[in-house]
S.K.: 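My structure is below; once you've seen it, I'll send some questions.
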Amino acid sequence: MAVNARIPKGTRDFTPEVMLRRNYIFNTIKEVFHQYGYLPIETPAMENLSTLMGKYGEEGDRLLFKILNSGDYLAKADENALNEKDSNKLISSISEKGLRYDLTVPFARFVVQNRNELSFPFKRYQIQPVWRADRPQKGRYREFYQCDVDVIGSDSLLNEVELIQIVNDVYNRLRLNACFRINNRKILAGLAEIAGASDKMTDMTVAIDKLDKIGLDKVCQELESKDIATNSINKIKEVLALEGSNLEKLNFLKDQFSGSEIGLKGVEELRSVLDYLAPLPIKMDLLFDVTLARGLNYYTGAIFEVSAKDAKMGSITGGGRYDNLTGVFGLKDMSGVGLSFGADRIYDVMLQLGLFEKITNLDQTQLFFVNFGEKEANYCLQLLTRLRNADINAELYPDSAKMKKQMTYANQKNIPYVALIGESEMESGLISLKNMTTGEQQKLSLEEVINVIKR
RNA sequence: GUAGGCGUAGCUCAGUUGGUUAGAGCGCUGGAUUGUGGUUCCAGAGGUCGCCGGUUCGACCCCGGUCGCUUACCCCA
């Protein structure tokens, strides 16, 4: 009985065709990162569960993939938990490792562990898969890639500015129209403060984050259900109704926050960032959005979220500033800011918008040699070496199969040129070169072939 | 964890108020074309209708269960 050839739910295989496109995205992102002085790191797929647990909230713990201990793990299992069938209690005695849930927490662990090797501010990027055990749906996978870029060890707002420029550059290069929304956790804290609901800040942000999805009435309902006072809700409503330009909104909030130090700080931070950016060429929309909250609790300053303007998809990039991410690992006063590009969603959006069609991919085979037989194949090997030395991707069909079969192969691989070398070509020293797009064919010397393909 | 939708050829899907031989397009294989792919024409292969059980003279169709996929909610890239 054959084993079912399947992969786990929410995971994917990537064919060569898909990988060429994915690499185009990854390479574009990397090039921009390099331009701004960020360098790559990698961390292991698995971390100790103690590193991961408790960093993403209760929901996050549930969504962590845990790795069963090696060996006879049941021998050391907590017997009480086992008898009571209490999974949560059992975990710590049978599993001590888990797959990473994002790249930010492993990065914080990395910074603390390697602090003596690093020079600060430390600018790194990291492009690796992460895993989440939630239910897959549109644009959501159980294994997906994040492209994180962070700078840690500097609280300068120039870092925020730089990251916004990076996002702008990446989406310009990918020809994707982006809408960059920005807010500041301190503004949300200020809002909670002037509404007299400071203790309910998390509930408040979670609720108002849903404004564009469920509408104002439902948001107020949710606020009520969280025991937030009616006059607080009215105050919050007033701010949510805010319209106008980014600066108009900031000015309005400045007045509102006269009694909130933290709120004013948030307004000033955001204003500085926008002031820095004003004279710079930013093509994407840049929108101050008071309703932007973002779930992760470790953000303390700016928060960002980017969506594609022409496609229906969740956010394709997100991030923010965190003042104390390394604190839990014993390193205080390390402010950092960063964001993460969701490569899989970017891919889905670009596919949806047909943006891959214009990309000519240089990674593919450029010249294909038909195999006419033993003698001819031997002759081709010499030519292939010279072509590859001239930086031309070239291959020879391994069997002297029927011409039709070989041509079909070249066609399906989308190879633009085919070389035919039989007896007459070997005698003349020329190559019959067929252009697979136009169907034209001519006899050329090797040098001429190189020139035609390089053109 | 909650709630919907869908499982028929390699892929995308049609189908029958339950009736004997289950269809299309694309793809695949062969031929027209033994030194020419893509286009065109001709021919062909390929399905226990997800699985198990029930109702029925008879089930791809109806019912129950089960597995798988998918969408939305929570949450999130």
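To find a chain, count down the sequence lines: A is the first, B the second, and so on, and within it residues start at 1.
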S.K.: Taking the same atom, C1', in B:rC60 and in B:rG50, what whole-Å distance lies between them?
M.R.: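 One C1' to the other, the span is 12 Å.
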S.K.: Mind checking if A:Lys405 touches a base, just sugar-phosphate, or nothing, with heavy atoms under 4.0 Å?
M.R.: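 Here A:Lys405 touches no strand at all.
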S.K.: For the residue pair A:Arg22 and A:Tyr145, would you count it as a cation-pi contact if the rule is NZ or CZ under 6.0 angstrom from the ring centre and within 45 degrees of the ring axis?
M.R.: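 Because its charged atom sits under 6.0 Å from the ring centre and within 45° of the axis, A:Arg22 does stack over A:Tyr145.
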S.K.: Just checking A:Glu425: base, sugar-phosphate only, or nothing, at a heavy-atom cut-off of under 4.0 Å?
M.R.: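 Answer is base: heavy atoms of A:Glu425 come under 4.0 Å of a base.
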S.K.: Figure out the CZ/C1' separation between A:Arg135 and B:rG4, and round it to whole Å.
M.R.: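 Rounding to the nearest Å, CZ of A:Arg135 and C1' of B:rG4 are 12 Å apart.
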S.K.: Check every strand shown and say whether A:Gln412 touches a base, only sugar-phosphate, or nothing at a heavy-atom separation below 4.0 Å.
M.R.: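 Touches sugar-phosphate only.
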S.K.: Once you apply a heavy-atom cut-off of 4.0 Å, does A:Gly422 come out as touching a base, just sugar-phosphate, or nothing?
M.R.: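 The residue A:Gly422 makes base contact.
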S.K.: What nucleic acid atoms does A:Gly439 come within less than 4.0 Å of, heavy atoms only: base, sugar-phosphate, or nothing?
M.R.: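 Base, at least one base atom sits under 4.0 Å.
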S.K.: On a heavy-atom basis, which atom in A:Pro129 and which in A:Trp131 lie closest, and how many Å separate them?
M.R.: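 Between these two residues, the closest heavy atoms are O-CZ3, 3.5 Å.
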S.K.: Using a 4.0 Å heavy-atom cut-off across all strands, classify A:Phe341 as base, sugar-phosphate, or nothing.
M.R.: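 Result for A:Phe341 = nothing.
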S.K.: Counting side-chain heavy atoms from CB outward, which of B:rA77, B:rG37, B:rG1 is closest to A:Lys434?
M.R.: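 Closest nucleotide among those given: B:rG37.
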S.K.: Let's see if you can work this out: which of B:rG37, B:rC75, B:rG1 has an atom nearest to the side-chain heavy atoms of A:Lys404?
M.R.: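 It is B:rG37.
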S.K.: Phosphate oxygens OP1/OP2 of B:rC75: is one of them under 4.0 Å from a side-chain N or O of A:Lys210?
M.R.: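 A:Lys210 to B:rC75 OP1/OP2: side-chain N or O found under 4.0 Å.
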S.K.: Does A:Gln382 form a side-chain contact (heavy atoms from CB on, under 4.5 Å) with A:Cys380? I'd like the steps, not just the answer.
M.R.: CA-CA 5 Å; A:Gln382 308 293 323; A:Cys380 289; over 6 Å; no
S.K.: Between B:rA3, B:rU36, B:rG35, which one does the side chain of A:Met407 approach most closely?
M.R.: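 Selected nucleotide: B:rU36.
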S.K.: For the C1' atoms, the ones on B:rG15 and on B:rG23, what distance do you get once it is rounded to whole angstrom?
M.R.: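 Comparing C1' positions in B:rG15 and B:rG23 gives a spacing of 7 Å.
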S.K.: Can you identify which nucleotide, out of B:rC69, B:rG1, B:rC76, has its nearest atom closest to the A:Lys9 side chain?
M.R.: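 So the nucleotide nearest the side chain must be B:rC69.
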S.K.: For A:Val206, answer base if it contacts any base atom (sugar-phosphate contacts may also be present), sugar-phosphate if it contacts only those atoms, and nothing otherwise; contact means non-hydrogen atoms under 4.0 Å.
M.R.: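 Sugar-phosphate only.
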S.K.: Within this structure, what is the NZ-CZ distance for the pair A:Lys9 and A:Arg142, rounded to the nearest 0.5 Å?
M.R.: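 One gets 6.0 Å once the value is rounded to the nearest 0.5 Å.
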S.K.: Taking only side-chain N and O atoms of A:Lys402, does any of them lie within less than 4.0 angstrom of OP1 or OP2 on B:rG31?
M.R.: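 True: A:Lys402 side-chain N/O within range (under 4.0 Å) of B:rG31 OP1/OP2.
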S.K.: Can you find a side chain N or O atom of A:Gln137 that sits less than 4.0 Å from OP1 or OP2 on B:rU70?
M.R.: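 So the side-chain polar atoms of A:Gln137 never come under 4.0 Å of the phosphate oxygens OP1 or OP2 of B:rU70.
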S.K.: What contact category does A:Glu143 fall into here, base, sugar-phosphate, or nothing, at under 4.0 angstrom with non-hydrogen atoms?
M.R.: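 No contact.
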S.K.: With a 4.0 Å cut-off on heavy atoms, is A:Ser340 in touch with a base, just the backbone sugar-phosphate, or nothing at all?
M.R.: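 No contact at all - A:Ser340 keeps every heavy atom at 4.0 Å or more from the nucleic acid.
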S.K.: If you check the A:Lys138 side chain, which of B:rG31, B:rU71, B:rG37 turns out closest?
M.R.: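 Shortest atom-to-atom distance from the side chain points to B:rU71.
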S.K.: Cation over ring, A:Arg12 on A:Tyr141, under 6.0 Å and within 45°?
M.R.: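 Yes - A:Arg12 lies over the ring of A:Tyr141, closer than 6.0 Å to its centre and within 45° of its axis.
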